[in-house]
There are 2 protein chains.
Amino acid sequence: MSRTTLSKFKKKALTKVSVKKEYEALSPAYKLRKKLIALRQKAGLTQEQIATVLHTQKSNISRLENANSTNSPKLSTIEEYAQAVGYEVEIKFIPTQKNT
Amino acid sequence: MSRTTLSKFKKKALTKVSVKKEYEALSPAYKLRKKLIALRQKAGLTQEQIATVLHTQKSNISRLENANSTNSPKLSTIEEYAQAVGYEVEIKFIPTQKNT
DNA sequence: TATAGAGTTATCATAGTTGATAACTCCGAA
DNA sequence: TTCGGAGTTATCAACTATGATAACTCTATA
């Protein structure tokens, strides 16, 4: 094992991570979390304040906003969060270009 | 108990049901199910065909499309269904008029 | 530096969704 | 009237999101 091999490995790993992040950025779940945080900050609320309104804990709000990609919240959870920051949810379906 | 009482009871019950239906029709969950069914029919697919694509059973697809108002599907479930009918999901947040 | 506020992470129990199977209704076509 | 396709409903197991608690980091500020 040379130092070159190690640095190659690191480089490869980092590339994978960045690719993964880019990929996740496109997912609806990722966009959703970004939106949730933006709406909360726009409303001037802390996670703890939202937690109080929804009768839960701030740790759970943090988890909702930062859930890793393997988790997927329930629609009702998103709706409740939205209500707490003064919004309601609409689900839109956008056609994908399957056949060229 | 007269027949008049019975008919009054029925009338009242029906009124309640209709009110309930109207209320549910406004919920995002209800709108979602209507959209899911519309998209599937537009794509010319049966519940069983979607079930095959998603590696599940037609009974589960039926449940998703007809879930009663107490159930709330996961976001990932909605996304998978959308993909099967050729769409992707976007979640929109619409401001509610809280203070007049 | 120490104190408080805001947010994160880990953990476990509980509640709820989903997977899978089976039996059922309904409807149109042979 | 029979038959098969499409959809519904019920049930239970397996899986996963959420509730709740605690300990932690980070930052601003006194």
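Letters A, B, ... mirror the listed sequences (proteins, then strands); counts begin at 1. What you are looking at is a predicted structure, and each value in this text was computed from that prediction instead of being measured.
Within the 4.0 angstrom heavy-atom criterion, only backbone atoms of the sugar-phosphate kind lie near A:T70; the bases stay farther away. Among the protein residues, B:T46 comes within range of the sugar-phosphate backbone only, with heavy atoms under 4.0 Å from sugar or phosphate atoms but none that close to a base. Here A:T56 lies in heavy-atom contact (under 4.0 Å) with sugar-phosphate atoms only. Within 4.0 Å of A:N71, counting heavy atoms only, lie sugar-phosphate atoms of the nucleic acid but no base atom.
A:I50 pairs by the side chain to side chain contact (heavy atoms under 4.5 Å, CB included) definition with A:R40, A:L45, A:L54, A:I61, A:Y81, A:A84, A:V85, not counting sequence neighbours. Among residues two or more places apart in sequence or in another chain, the side chain to side chain contact (heavy atoms under 4.5 Å, CB included) test is passed with A:T46 by A:E48, A:Q49. Scored by the side chain to side chain contact (heavy atoms under 4.5 Å, CB included) test, B:K42 finds B:Y87 as partners (sequence neighbours excluded). The side chain to side chain contact (heavy atoms under 4.5 Å, CB included) search around B:Q41 returns B:I37, not counting sequence neighbours.
Taking a heavy-atom distance under 4.0 Å as the criterion, the stretch of DNA chain D touched by chain A extends 5' to 3' from D:dA17 to D:dA22.
For the pair A:I50 CD1 and C:dA6 P, the interatomic distance rounds to 13 Å; values are reported in whole Å. Remark: C1' of C:dC12 and CZ of A:R63 are 11 Å apart, rounded to the nearest angstrom. Rounded to a whole Å, the NZ atom of A:K74 is 9 Å from the P atom of C:dT18. As a whole-Å value, the separation of B:K58 NZ from C:dC24 C1' is 10 Å. In this entry the distance linking CG of A:L64 with P of C:dG7 reads 14 Å, nearest Å. Look at CD on A:Q47: it is 10 Å from P on C:dA6, rounded to the nearest Å. The CD1 atom of A:I61 sits 14 Å away from the C1' atom of C:dA6 (whole-angstrom rounding). Atom-to-atom, CD of B:E80 to P of C:dT17 comes out at 16 Å; the value is rounded to the nearest Å.
Mapping B:S59 and A:L54 onto DNA chain D via the closest heavy atom, the residue that lands nearer the 5' end is B:S59.
Taken to the nearest 0.5 Å, the CD1 atom of B:I78 stands 10.5 Å off from the CD atom of B:E80. Rounding to the nearest 0.5 Å gives a distance of 9.5 Å between CZ of B:F93 and CD of A:E79.
Across B:I91 and A:K35, no two heavy atoms sit closer than the pair O-NZ, 2.6 Å.
Listed pair B:Q57 / C:dG19 fails the phosphate criterion, with no side-chain N or O lying under 4.0 Å from OP1 or OP2.
End-to-end axis angle for the helix from C:dT1-D:dA30 to C:dA30-D:dT1, using five pairs per end and rounding to 10°, comes out at 30°.
For the side-chain hydrogen bond (donor to acceptor under 3.5 Å, both in side chains) with B:Q47, the qualifying choice from B:R63, B:E65, B:K58 is B:E65, the only one to do so.
Not a single donor-acceptor pair under 3.5 Å links the side chain of B:T56 to the backbone N or O of B:A51.
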